[in-house]
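Here's the structure, in structure tokens; my notes come after.
Naming convention: chains lettered A, B, ... in sequence-line order (proteins, then strands); numbering from 1 in each chain.
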There are 2 protein chains.
Amino acid sequence: MANSAVARVGRDAISETLGREIVDGAHRSGAVLTLESLQQRFGVSRTVARDSVKVLESHGLLYSKRRIGLVVTAAKHWDVMSPSVIAWRLASADARGAFIELTQLRIAVETEAAALAAARRTEVQAHQMLDLAATMRRLGESEQLTEFITADIAFHRLMLEAGGNSMFAALADVVAEVLSGRTQHGLMPTRPMPEALDAHDGVARAIADQDPREARRYMEVLVDEVRSALEE
Amino acid sequence: MANSAVARVGRDAISETLGREIVDGAHRSGAVLTLESLQQRFGVSRTVARDSVKVLESHGLLYSKRRIGLVVTAAKHWDVMSPSVIAWRLASADARGAFIELTQLRIAVETEAAALAAARRTEVQAHQMLDLAATMRRLGESEQLTEFITADIAFHRLMLEAGGNSMFAALADVVAEVLSGRTQHGLMPTRPMPEALDAHDGVARAIADQDPREARRYMEVLVDEVRSALEE
DNA sequence: TAAGTTCTAAAGGTGTGATGTTTGGTTCTG
DNA sequence: CAGAACCAAACATCACACCTTTAGAACTTA
């Protein structure tokens with residue numbers, strides 16, 4: 001039953017492919033596709049083509065119009081906070097731009113998240129944060145970069161979740177992406193700076209002490225470093 | 001061809017209804033629906049039922065599993081930043097909780113956005129911001145609350161867009177929602193405080209002056225007010 | 001010539017029946 | 001009792017028919 005003429009492809013793969021193409025600019029805003037063309041191209045039935053389109057449509061990448069077809073939407077209407085769109089942008093030609101925007105978002109959210117975490121953290125979370133800060137220091141000073149980043153990600157995720165704001169928590173994956181991407185984008189020294197280690201410590205202690213103001217202050221230090229790295 | 005037994009309902013209305021129900025907790029995490037049950041309930045064909053499900057699926061509210069059906073996802077997996085989900089949450093029983101989270105997000109993003117706008121604004125945007133700040137003062141002092149809020153929304157939207165970060169710009173609608181919702185949630189005095197007017201002025205001037213540090217400082221003033229209102 | 005009207009065909013929307021595919025459960029067997 | 005074999009449920013996909021909307025062409029008319 002293999003289709004020899006066309007690379008037969010699963011349902012998700014189609015929206016995945018099209019999503020990447022649109023975000024990548026392969027189809028300009030206003031460009032028109034048709035279900036028929038998708039059926040041809042991917043060798044699938046109308047049902048599957050429509051399913052894929054539905055996904056893209058609900059992320060705002062296109063909309064379908066009778067008698068016209070599938071109209072690609074301008075970037076300003078994309079659901080740019082959705083994990084799928086973020087992933088597509090990070091895989092696009094403008095990955096760097098996306099990365100910078102994500103970093104700016106992270107910077108914005110994390111100072112507030114630190115303060116929130118200080119106000120809301122549980123006892124267990126407080127201990128975990130202190131532990132992670134200590135781990136980061138140890139790994140950072142012995143230059144075990146991979147393990148360091150893992151701990152760093154866990155630290156930030158925990159902090160974002162401890163604040164009790166689900167929208168902040170939802171950014172944990174984004175932050176993880178940004179943190180592990182920093183090395184590729186030359187935004188990270190091979191050896192974590194002592195100031196950064198101190199600041200992580202400070203944040204953890206402030207959160208444990210339930211001191212939002214202090215937590216914010218230390219997080220500002222971290223974030224300032226990232227900002228200046230961004231401006232190079 | 002009207003279906004008399006069941007209230008026949010359009011395609012979008014179904015995902016809308018189900019989305020609200022799930023977000024509202026009417027279907028717990030792990031609950032299972034079937035396409036068949038949706039067809040029955042809404043009096044639609046499989047095609048339409050599947051379309052609706054696809055939308056919910058791409059926002060992470062459920063996933064479909066063979067031999068099982070449509071499984072409602074835990075809240076932590078929802079695409080909580082997507083405009084649809086935000087709207088559903090704001091229409092749910094926990095609207096207040098959603099509103100608070102959105103406000104926290106707004107607070108987080110806007111300080112950073114002010115600084116970004118100062119760095120990136122065009123000449124035209126600088127003038128518009130100054131104008132809007134002046135308009136807000138006039139309307140605020142004459143207690144024209146409705147018009148004031150309109151100007152307020154325009155001000156914040158412009159600022160968010162001026163920074164050039166598409167993720168910040170995407171929050172403009174959310175911020176608009178929060179700003180106009182403040183009155184309903186008792187987070188806003190009937191007469192804008194003079195300090196708030198001054199701060200808006202300050203932000204506008206700093207952005208016009210391309211002074212990120214100052215823009216951030218004034219925005220902090222605004223945001224501090226909102227924070228304290230939130231803590232009551 | 002310009003403006004309005006009618007018509008038509010293109011493209012998505014919806015409905016249905018048949019068939020494929022996965023997979024949780026059940027039953028059978030050694 | 002463990003594991004293999006089997007079954008049936010529910011979604012996945014396909015094919016096809018028909019409905020609905022609507023951009024644009026053709027046509028009319030002032």
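Of all nucleotides listed (D:dT13, C:dG15, D:dA23), D:dA23 comes nearest to the side chain of A:R67. Which of D:dA23, C:dA18, C:dG13 sits closest to the side chain of A:R46 comes down to C:dG13. Comparing D:dC14, D:dA8, D:dC11 against the side chain of B:T34 picks out D:dC11 as the nearest. If you check C:dG20, C:dG12, C:dT14 against the side chain of B:R66, the one that comes closest is C:dG20.
Heavy atoms from other residues, nucleotides or ligands lying under 6.0 Å from CZ of A:R182 number more than 12. A 6.0 Å sphere centred on CZ of A:R227 holds more than 12 heavy atoms belonging to other residues, nucleotides or ligands.
When each of A:T47 and A:L70 is assigned the nucleotide of DNA chain C with its nearest heavy atom, A:L70 is the one assigned upstream, toward the 5' end.
Atom C1' of nucleotide C:dT14 and atom CZ of B:F42 are separated by 17 Å, given to the nearest angstrom. Atom pair B:K54:NZ and D:dA12:P shows a separation of 6 Å (rounding to whole Å applied). Going from atom OH of A:Y63 over to atom C1' of C:dG13 covers 17 Å, rounded to whole Å. Rounded to whole angstrom, the span from the CD atom of B:Q40 across to the C1' atom of D:dA10 amounts to 15 Å. One atom, CD1 of A:I14, and another, P of D:dT13, lie 9 Å apart when rounded to the nearest Å. Rounding to whole angstrom units, CD1 of residue A:I68 and P of C:dA11 are separated by 9 Å. Taking atom CD on A:Q39 and atom P on D:dC16, their separation rounds to 12 Å, with Å as the unit. One can place CG of B:D51 at 14 Å from C1' of D:dT13, the figure rounded to the nearest angstrom.
Between B:E177 and B:R89 there is no salt bridge, since no side-chain nitrogen of the basic residue lies less than 4.0 Å from a carboxylate oxygen of the acidic one.
Listed pair B:K65 / D:dA9 fails the phosphate criterion, with no side-chain N or O lying under 4.0 Å from OP1 or OP2.
With hydrogens and angles ignored, the 3.5 Å screen pairs no side-chain donor or acceptor of B:E110 with any backbone N or O of B:M219. At distances below 3.5 Å, at least one donor-acceptor pair connects side-chain atoms of A:R121 with backbone N or O atoms of A:A208.
Among the heavy atoms of the strands lying under 4.0 Å from A:S64 are primed sugar atoms or P, OP1, OP2 only; no base atom is included.
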